[in-house]
Amino acid sequence: MKLIVENDYEGLSKRASQILIKEIQKDPEIVLGLPTGSTPLGLYRKLIESYQRGEIDFTHVKTFNLDEYVGLEKYDPRSYNHYMNTMLFNHINMKPENIHIPNGKATNLESYCEEYNEDIERAGGIDVQVLGIGTEGHIGFNEPDDELNVGTSVIKLAPSTINDNAKYFKSTGEVPERAITMGLGSILKAKKIILLANGESKIEVIDRLLNRNVVTTQLPASFLLLHPDVTIIIDEEVYEGCR
Ligand code: F6R
């Protein structure tokens, strides 16, 4: 596992974008795994800027998003589909058919999850997976539990996640209770993984991840410790907080 410490969020976003830009330039047909949330916003801004400068081309890039709330229409401003379009896809030249975001309104969720898995496999798996991390250690929406799912599945969101994400809804009660998430298996099969964490709220979880050195389903991100190519980029605040 490689740990990179940057001064601040701006530095973290820049560093992550430099890695991704290089990977996209190296392989224009790259398959990217992407998160939503507040953490990757700076990275997405920098990818858009790089695209506008003509440094990267998304014509043949494929993307798979990690997760989506069950029950939200894709044009719902709180959906991850809407987030991805407004924060990234509307500003770059991705082909719509190359964008994959779980459909929270699928009628048969179980078979839909199977299809999402098959789509990932058909694309040859994820080349570079970008991750944020939840305050309780989830990656995607794989929440701490006695068992973790290998493939894409429907999960019940942890109370901590509902609380953390309530800021995007009118009230905590409006946050959907379930979500579709790529499983730990699909994430860990990615050739390269980049996890980003910044700010005070991530100190405790990154401390558990880096300093305990154990793998447990109670800290889903700990499975990353078993992967041969993981880069964790944190800011100085997280670094100082977990020394
Ligand atoms: C979102 C996702 C989640 C977030 C995590 C951190 O697609 O997969 O695991 O990365 O909840 O969220 P932020 O970045 O908002 O702190």
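Note that ligands are numbered from 1 as they come in the structure, with each ligand's atoms numbered from 1 the same way.
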Near G37, which atoms of ligand 1 are under 4.0 Å from a heavy atom of that residue?
14 (O), 15 (O)
Proximity winner for atom 6 (C) of ligand 1, if only heavy atoms of T39, N142, I133 are counted
I133
Got the closest protein heavy atom to atom 2 (C) of ligand 1, with its distance?
D67 OD2, 3.2 Å
Ligand-side contact atoms (ligand 1) for residue partner P35, heavy atom cut-off under 4.0 Å
7 (O)
Gap between atom CG of N85 and atom CD1 of I101 - 0.5 Å precision:
5.5 Å
Nearest to atom 11 (O) of ligand 1, what protein heavy atom do you find, and at what distance?
H138 NE2, 2.6 Å
For atom 15 (O) of ligand 1, what is the closest protein heavy atom, and at what distance to 0.1 Å?
S38 N, 2.9 Å
Before accepting this row, confirm whether a basic side-chain N of the pair K191/E23 lies closer than 4.0 Å to the acidic partner's carboxylate O.
no
So, for Y168 and Y69, is the gap between ring centers shorter than 6.0 Å?
no
Per-atom contacts, ligand 1 versus K202 - under 4.0 Å to a heavy atom:
6 (C), 13 (P), 16 (O)
Looking only at heavy atoms, is any part of L66 under 4.0 Å from ligand 1, and if so is it the side chain, the backbone, or both, or is it neither?
side chain
Do N65 and T36 pass the side chain to side chain contact (heavy atoms under 4.5 Å, CB included) test, and can you show the C-alpha distance, the side-chain angles, and the key distance before you say yes or no?
CA-CA 8 Å; N65 262 82; T36 58; 3.7 Å; yes
With heavy-atom distances below 4.5 Å as the criterion, would you say the side chains of F58 and N98 are in contact?
no
From P102, G140, G132 - option closest to atom 3 (C) of ligand 1 by heavy atom
G140
Classify the ring geometry of F64 against H100: parallel below 30°, tilted from 30° to 60°, perpendicular beyond 60°.
parallel
